[in-house]
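Only one structure is covered here, and it is reproduced in the block below.
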Amino acid sequence: MTYTMPTVNETGGIFEIFQFVNNSTGGLFFPVILLVIWLIAFIGSIAEGRQVARAWIFSSFICTVLGSFLVLLDFLNKTYLFFLLLNLAFGIAWEYLSNSRND
């Protein structure tokens, strides 16, 4: 089994190293990193005593901001950013519906 090794040009700085890692994994490195950050933020928010809907919004917002920076750096496909925005919109709608009056 052979593994791709970085060349001198691919290790010139941290940006090039991240490009190499992301290209070596088929573009799945940063989406997995965002998923892990989302899970840590979600579980941490619930552990602090937040409601589940608010924890969902918090973790989705953090990942959406990070995902926006990654899209600007061309590390993340725009499709993942749209998914993060939909995730955030779902959390906001969930919070809105959970706070609506029950008539």
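We number each residue from 1, following the sequence as shown.
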* Asked: Rounded to the nearest 0.5 Å, what separation is found between the CG atom of N23 and the CZ atom of F75?
  -> 9.0 Å

* Structure fact -> Taken to the nearest 0.5 Å, the spacing of N87 CG from I57 CD1 works out to 10.5 Å

* Asked: So if you build clusters from Ile, Leu, Val, Met, Phe, Trp, Tyr with side-chain heavy-atom gaps below 4.5 Å, do V36 and L88 land together?
  -> no

* To do: May I ask you to check whether over 12 heavy atoms, not counting those of R50, lie within 6.0 Å of atom CZ?
  => yes

* Transitive ILVMFWY side-chain link I14 to L66, under 4.5 Å -> yes

* Structure fact -> For L28 and Y80 the tightest heavy-atom approach is CD2-OH, 3.5 Å

* Say whether E95 and N99, considering side chains only, have a donor N or O and an acceptor N or O under 3.5 Å apart. => yes

* To do: Verify the ring-centre separation between F30 and F18: is it less than 6.0 angstrom?
  => yes

* Would I46 end up clustered with I62 when hydrophobic side chains under 4.5 Å apart are linked, directly or stepwise? -> no

* When you look at CZ of F69, are more than 12 heavy atoms from neighbouring residues, nucleotides or ligands closer to it than 6.0 Å? -> no

* **L73 side chain reached by F15 side chain, heavy atoms, under 4.5 Å** => yes

* **Distance, nearest 0.5 Å, that separates OG of S60 from CG of L86** => 10.5 Å

* How about F83: does its CZ atom have over 12 heavy atoms from other parts shown lying under 6.0 Å from it? -> no

* Asked: Would you call the rings of W38 and F42 parallel, tilted or perpendicular if under 30° counts as parallel and over 60° as perpendicular?
  -> parallel

* Structure fact -> In short, T25 meets N22 closest at the heavy-atom pair OG1-O, 3.1 Å

* Can you name the closest pair of heavy atoms from L84 and T64 and give their distance? -> O-OG1, 3.5 Å

* To do: Could you tell me the separation between the OG atom of S59 and the CD1 atom of I43, rounded to the nearest 0.5 Å?
  => 9.5 Å

* Got L34 and L76 here, is their nearest side-chain heavy-atom distance under 4.5 Å? -> yes

* Could you tell me the separation between the CD1 atom of I40 and the OG atom of S45, rounded to the nearest 0.5 Å? => 11.5 Å

* Do you know which two heavy atoms are closest between G91 and W56, and how far apart they sit? -> CA-CD1, 3.5 Å

